[in-house]
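Predicted model, so just to flag it, every value in this text is computed and none were measured.
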Amino acid sequence: MNSNRALVLTEYGGAHALKLAAVAAPVPGPGQVVVRVHAAGLNALDWKLREGYVRQAFQLQLPAVLGVELAGVVEAVGADVTRLRVCDRVMGPLGGLGAYAELVAVKEANLALVPPSMSMTDAAALPLAAVAAWSSLHLAGPVHAGQRILIHGAAGGLGGFAVQYARQAGAVIYATARSSHVDYVRSLGADHVIAYDRQRFEDEARDIDLVLDYAGGDVVARSWAVLAGHGAIVSAATPDIVASTPAGRRGLWFQNTPATARLQAIADDVVHGRLQSKVAAVVRFDDLPAAIERQRTGATLGKTVVTLVG
């Protein structure tokens with residue numbers, strides 16, 4: 001376990017700030033396992049951390065290894081590990097940073113088993129988006145049939161799962177997406193899909209009970225106008241939402257936490273076709289800095305995954 005390449009953020013800035021470099025191989029602490037990473041999921045947080053846009057919410061000590069979710073094989077176990085064994089196929093969020101490395105130490109409690117029929121690539125796409133979509137959808141309270149929900153960024157990893165969960169609950173779903181992604185979002189179960197590059201969602205949606213912001217930018221500021229008086233906006237993309245929420249309104253900032261049982265159940269739903277998980281692109285480790293830059297400059301469809309093995 002001597003060799004350990006990783007994607008390291010050396011300074012805040014553009015694509016040049018990310019370097020593939022050798023870092024120390026981890027040793028599992030109590031309650032931890034070392035995972036040989038086969039694949040890891042990309043997220044918008046990667047480029048936001050790289051640029052320094054969220055440095056107040058996520059304070060880093062540079063240099064830092066990026067990446068927040070992975071799938072791989074357990075290579076070593078620490079003391080007090082009782083559930084996982086060497087050679088187990090696992091997936092999960094780190095609960096922090098460091099997934100873009102060949103070897104990563106992870107808390108056993110954060111990891112679920114990869115179903116036997118699921119590829120590592122598909123498994124790496126689940127830990128953050130699938131669980132965060134569920135948790136953010138329910139953050140403001142229970143979701144019920146007939147509830148009017150507006151989902152910004154519905155074609156991305158988070159948004160795609162949120163549409164499906166809201167459909168299962170019987171909500172009336174309004175969703176924004178790029179025009180080229182409208183059919184995909186509709187296929188997930190959205191009732192009203194608004195092409196944001198052609199339409200203003202303010203002209204199409206009103207009396208919304210819950211807004212989910214997975215897009216960032218100006219959508220939170222614009223969404224207050226379509227929100228019902230009792231409604232709430234939950235944002236996973238706008239860290240200052242609480243500070244900028246108008247008096248008498250309800251704005252919530254969502255930060256994901258590991259939920260292993262939920263992840264295991266979601267993986268089972270994907271394997272059995274009850275949920276769709278969209279892996280739109282698979283990139284090699286050497287191409288990871290460029291792939292993160294593409295996440296910044298273009299609207300994403302589903303998840304991008306980087307492979308480190310094979």
Side-chain angles (χ1 to χ4, degrees), residues 1-29 32-55 57-76 89-107 110-111 114 119-129 156-157 256 279-298 300-310:
M1 295 200 302
N2 294 326
S3 173
N4 191 27
R5 279 205 314 162
L7 185 72
V8 180
L9 178 66
T10 57
E11 60 182 332
Y12 293 116
H16 67 278
L18 293 172
K19 309 289 185 186
L20 286 172
V23 299
V27 176
Q32 290 185 326
V33 302
V34 170
V35 176
R36 180 164 293 280
V37 180
H38 285 224
L42 276 68
N43 294 278
L45 180 61
D46 297 328
W47 68 261
K48 292 177 181 179
L49 286 170
R50 187 198 72 190
E51 298 278 341
Y53 288 153
V54 290
R55 68 178 74 183
F58 301 91
Q59 295 185 5
L60 302 182
Q61 183 174 351
L62 301 181
V65 179
L66 297 190
V68 295
E69 59 184 338
L70 56 75
V73 175
V74 175
E75 190 148 306
R89 301 168 77 242
V90 294
M91 59 184 172
L94 265 63
L97 299 177
Y100 295 148
E102 293 173 321
L103 295 165
V104 180
V106 189
K107 292 180 182 177
N110 290 7
L111 296 171
V114 177
S119 72
M120 289 296 196
T121 299
D122 288 336
L126 294 181
L128 187 75
N256 200 38
V279 176
V282 179
V283 301
R284 298 184 308 113
F285 201 20
D286 291 344
D287 297 329
L288 183 52
I292 290 172
E293 178 65 7
R294 289 194 294 273
Q295 293 270 109
R296 183 185 72 83
T297 57
T300 58
L301 178 69
K303 289 283 290 190
T304 298
V305 172
V306 58
T307 58
L308 283 75
V309 173

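Taken from CG in L308 to CE in M120, the straight-line distance is 11.5 Å, to the nearest 0.5 Å. Remark: K48 NZ to N43 CG distance equals 10.0 Å, nearest 0.5 Å. Separating the CG atom in L18 from the CD atom in E11 is a distance of 10.0 Å, to the nearest 0.5 Å. Note that CD of E69 is 8.5 Å distant from CG of L42, once rounded to the nearest 0.5 Å. With rounding to the nearest 0.5 Å, the separation of CD1 in I292 from CZ in R50 is 7.5 Å. Put simply, CG on L97 and CD on Q61 are 12.5 Å apart, with the number rounded to the nearest 0.5 Å.
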**Q.** Intermediate values then yes/no, salt bridge (Lys or Arg N to Asp or Glu O under 4.0 Å), D287 and R294
**A.** CA-CA 11 Å; D287 297 329; R294 289 194 294 273; over 6 Å; no
(Q) Let's go through T297 and W47 carefully: what are the C-alpha distance in whole Å and the side-chain angles of both, what is the deciding distance for side-chain contact (heavy atoms from CB on, under 4.5 Å) to 0.1 Å, and is it a yes or a no? (A) CA-CA 10 Å; T297 57; W47 68 261; over 6 Å; no
Q: Give the intermediate values and the outcome of side-chain contact (heavy atoms from CB on, under 4.5 Å) for residues L94 and V68.
A: CA-CA 5 Å; L94 265 63; V68 295; 5.6 Å; no
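What you find for A101 and A6 is that their closest heavy atoms are CB-CB, 3.7 Å. A pairwise comparison of heavy atoms in P28 and A76 identifies CG-CB, 4.3 Å as the closest pair. Nearest approach of A40 to A99, heavy atoms of both residues: CB-O, 4.2 Å. The minimum heavy-atom distance linking F285 with R5 is given by the pair CD2-NH2, 3.6 Å. Nearest heavy-atom pair across V8 and P63 is CG1-CB, 3.5 Å. For the residue pair L49 and L9, the shortest heavy atom distance occurs at O-CD2, 3.9 Å.
Using a 4.5 Å heavy-atom cutoff, the side chains of E102 and V309 are not in contact. Residues D122 and M91 form no side-chain contact, since every pair of their non-hydrogen atoms from C-beta on lies 4.5 Å or further apart. Here the side chains of P289 and L7 are in contact, with some heavy-atom distance below 4.5 Å.
The backbone N or O of G41 lies less than 3.5 Å from a partner atom in the side chain of Y100, making a donor-acceptor pair. The backbone N or O of R284 lies less than 3.5 Å from no partner atom in the side chain of T307, so there is not a single donor-acceptor pair. A side-chain donor-acceptor contact under 3.5 Å links N4 to the backbone of L103. Of the possible polar contacts, none joining the E293 side chain to the A15 backbone as a donor-acceptor pair under 3.5 Å is found.
With V74 as reference, V33 is the one residue of V33, V106, V34 to meet the side-chain contact (heavy atoms from CB on, under 4.5 Å) rule.
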